[in-house]
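Comments concern the structure below.
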Amino acid sequence: MRYSQMLIPTTKETPSEAEVVSHQLLLRGGFIRKLTSGVYIYLPLGLAAIQKVAQIVREEMNRAGALELLMPMVQPADLWKESGRWQKYGPELLRFIDRHSRESCLGPTHEEVITDLARRELQSYRQLPKNLYQIQTKFRDEIRPRFGLMRGREFVMKDAYSFDESDEAAGKSYDRMFEAYHRIFRRCGLQFRAVEADTGTIGGSFSHEFMVLASTGEDTLVICEQCSYAANVEKARVAPVETQERAGEPQALCRVETPGMKKVESVAAFLKASPSQFIKTMIYLADGEPVAALVRGDREVQPVKLKNLLGATDVELADDETVFKKTGLPVGYLGPVGLPLRVVADHEVMAMRDCIAGANQKQYHLTGVQPGRDFTPAISGDLRQITAEDRCPSCGGSLRLTEGIEVGHIFKLGTAYSEAMNATFQDRDGQARPFVMGCYGIGVSRVVAAAIEQNHDGNGIIFPLPLAPFQVIVLNLGVNSEAVTGAAERLALDLRQLGLEVLLDDRDERPGSKFKDADLIGIPYRVMVGKTFEKEGKVELRRRRDGHTETVPIDQAAGVIASLVRAEFAMFVAPEE
RNA sequence: CGGGGCGUAGCGCAGCCUGGUUAGCGCGCCUGCCUUGGGAGCAGGAGGUCGUAGGUUCGAAUCCUACCGCCCCGACCA
């Protein structure tokens, strides 16, 4: 491909709307242009990168036995009413009415459509298992789209759905996807981890997220330094604590005046106590009902864990005003003793003794509080957010916190959708049974953004070779010289014949501009045909990632480059290949 | 949806507070000359419903009102 005939509108200046580096570089490099909030045009270069990811995904899904199909973007409301999600999904689901007054929506995901297909077309256990997938544009009306391709409203997604006859078989389908995902992200050249995750609104029993490690990630992960344990902090289990040995008699309950002190720190300073002796009482609204969550004074409540402990669908921290309105209690002086609310305690709290807590009375706290003696929570369990100081729940090793970008998510769905939508097959005994389902997503366009977040420098993008729109860019640095131009053209042709994807920069531009553009758009290998060729018959070969440069005679250049590219590709093969 | 900000040439911005010639600047674009190894230089040029609608005024990019769009923070989220 000739640069002069491409559309690669690069810019020197960074557009003001872009906050994160992938967004900036995608705009500057001429990969995308915004049409409207959260909706982007993929220019030729951007589309090429997305197609690279899509092709890897396709190959690995096919290899894992999945079948590609393509479902409509427009979906009838009736299906969503059957699954119950027409009510549940909320405003993220873009709904509209067509000319016949039929309610419809743009598909943010396709469980309903695929389940409808399955109940029509899959009647017998003999047809199972089946795993069907598509690579398609999704629309979710995000509250606040941001970060370019990282969180758009419209985006390219691979979604797959598995149908099995039993839990056990569904587990195998899940494991097969777990492996396929490892192969996919490995082949994309990304640093990533699979982590235990919360199942979110899609529901289901078990799930893993695939996170690309990058400092701009929207999620926080814990990773064990010793074993393979990794989890989203929303989910990360905190190892249960041992109950402390009781030395001496437990203190008696005692009310102390703590004027104007609401924060744990200030009361702690006043009473010359450590925050770890406190019981912190946080009021949350669980599906609108106030509940009290107890954690140690120096800990934080993890709301997703609270939600799961309560079995609620929505949990949010109540603000001071709401707390007072709903309970009449003074914020800052709340405590579990005599609290007329449902109380959920972190198991660490239950192991504490001689604690300090609010007295549920303005300007007063209690000391000598004994969990179990002075109050008994309705539920106690794992409630607090894990910290880097905690030990690995799996092996006891030390933990590290890091940021990640979610690029893939796999779920065991069970029979939630098949039962709601009456999607059944006949088993060996002729009995109708609901499909046991799984669903598996990959944010294809987000993978491109994540790859850039993880691979860039001050000059621009550094694409992992498998995702690069072109593997090699040949710079003709002497467009006025027939000899140089001829050599550059021939080299580009030779490289193409060796199976490489080549961009030939044949523009009548000064060398500096060509270098800058080549760096910006992140092509892994750059070949310069110019002065050195005129003087010595050699071309210079430069690797984008580390700037490593070598000079080779023109007649050997194509072969050298091809073997370099092949050698590098070999690093991105999937495990066990 | 709550809070904040912005809409002036393709992009980035100044001008607005304190209304008054022909609305500027940088980048980009076009023509010519010159130049050619890290976004050159000179000369000439094209390009604007100043987001939209209404109002105030002799006169509005500038003041007022409404609406639209976009960005940032928050809640939310595969």
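Below, chain A is the first sequence line, B the second, and so on; all start at residue 1.
The backbone N or O of A/L47 lies less than 3.5 Å from no partner atom in the side chain of A/K52, so there is not a single donor-acceptor pair. Not one N or O on the side chain of A/R95 forms a donor-acceptor pair closer than 3.5 Å with the backbone of A/C105. Looking at A/T549, its side chain does come within 3.5 Å of a backbone N or O of A/G547 through a donor-acceptor pair.
Applying the side-chain contact (heavy atoms from CB on, under 4.5 Å) test between A/Q385 and each of A/Q302, A/E234, A/K305, A/R299 identifies A/Q302 as the sole match. Each of A/T220, A/L221, A/I405, A/T402 was compared with A/M211 under the side-chain contact (heavy atoms from CB on, under 4.5 Å) criterion, and only A/L221 meets it. The one candidate from A/D508, A/D505, A/V484 that meets the side-chain contact (heavy atoms from CB on, under 4.5 Å) condition with A/V479 is A/D508.
Atom CG of A/L317 and atom P of B/A75 are 10 Å apart (whole Å). Taking atom CD of A/E316 as the reference point, atom P of B/G74 lies 16 Å away to the nearest angstrom. Atom-to-atom, CZ of A/F411 to P of B/A78 comes out at 7 Å; the value is rounded to the nearest Å. Across the protein-nucleic acid pair, A/R85 atom CZ and B/C77 atom P stand 14 Å apart, rounded to whole Å. Summarising the geometry, the separation between CG on A/D141 and C1' on B/C1 is reported as 13 Å, rounded to the nearest angstrom. To the nearest angstrom, P of B/A78 lies 13 Å from NZ of A/K235. Look at CG on A/L43: it is 15 Å from C1' on B/C11, rounded to the nearest Å. Rounded to an integer number of Å, the gap from A/L94 CG to B/C76 C1' is 17 Å.
Looking at which nucleotide of RNA chain B each of A/M157 and A/A18 is closest to, the 5′-most match is held by A/A18. If you find the closest nucleotide of RNA chain B to A/V156 and to A/F147, the one lying nearer the 5' end belongs to A/F147.
Side-chain nitrogen and oxygen atoms of A/S37 include none within less than 4.0 Å of the OP1 or OP2 phosphate oxygen of B/G69. Regarding contacts with the backbone of B/C72, a side-chain N or O of A/R144 is found under 4.0 angstrom from either OP1 or OP2.
For B/A14, there is no paired base (Watson-Crick or G-U wobble, both distances below 3.5 Å). Base pairing annotation: B/C6 forms a Watson-Crick or G-U wobble pair with B/G69, both donor-acceptor distances under 3.5 Å. Under the Watson-Crick or G-U wobble criterion, with both distances below 3.5 Å, B/U57 is left unpaired in every strand shown. The partner of B/A43, taking Watson-Crick or G-U wobble pairs whose two distances both stay under 3.5 Å, is B/U31.
For the pair A/K412 and A/Y174, the distance from NZ or CZ to the six-membered ring centre is under 6.0 Å and the angle to the ring normal is within 45 degrees.
Spacing between B/G45 and B/C63 at atom C1', rounded to whole Å, works out to 37 Å. Rounded to a whole angstrom, the distance from the P atom of B/G28 to that of B/U56 is 46 Å. Between B/G19 and B/U35, the two C1' atoms lie 48 Å apart (nearest whole Å). A gap of 32 Å separates the P atoms of B/C73 and B/A53, to the nearest Å. When the P atom is compared between B/C67 and B/A14, the two are found 26 Å apart, to the nearest whole Å. Rounded to whole Å, the P atom of B/A61 lies 32 Å from the corresponding atom of B/A43. Nucleotides B/C1 and B/C16 have their P atoms positioned 34 Å apart, rounded to a whole Å. The same atom, P, is picked in B/G4 and in B/A66; the two are 15 Å apart, to the nearest Å.
If you check B/C72, B/A78, B/C71 against the side chain of A/R151, the one that comes closest is B/A78. Distance from the side chain of A/R146 is smallest to B/C76 among B/C70, B/C76, B/A78. With B/C76, B/C27, B/C71 as the choices, the nucleotide that has an atom nearest any side-chain atom of A/E13 turns out to be B/C27.
Between A/H23 and A/Y40, the ring planes are perpendicular. Angles over 60° get that label, and only those under 30° would be called parallel. The aromatic rings of A/Y181 and A/F185 stand perpendicular to each other, their planes meeting at an angle above 60°, with 30° marking the opposite boundary. Ring orientation note: the planes of A/F435 and A/F163 are nearly perpendicular, at an angle over 60° on the 30°/60° scale.
Residue-level contact check: A/K138 touches neither bases nor backbone, having no heavy atom under 4.0 Å from any strand.
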In B/S/- notation (B base, S sugar-phosphate only, - none; protein heavy atoms under 4.0 Å), nucleotides 3-9 of chain B written 5' to 3' is -------
5' to 3', nucleotides 31-46 of chain B under a 4.0 Å protein heavy-atom cut-off (B base, S sugar-phosphate only, - none) gives ----BBBBBB------
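With sequence neighbours excluded, the residues satisfying side chain to side chain donor-acceptor pair (under 3.5 Å) with A/Q75 are A/W80, A/H110.
For the residue pair A/T109 and A/E111, a side-chain donor N or O sits within less than 3.5 Å of a side-chain acceptor on the partner.
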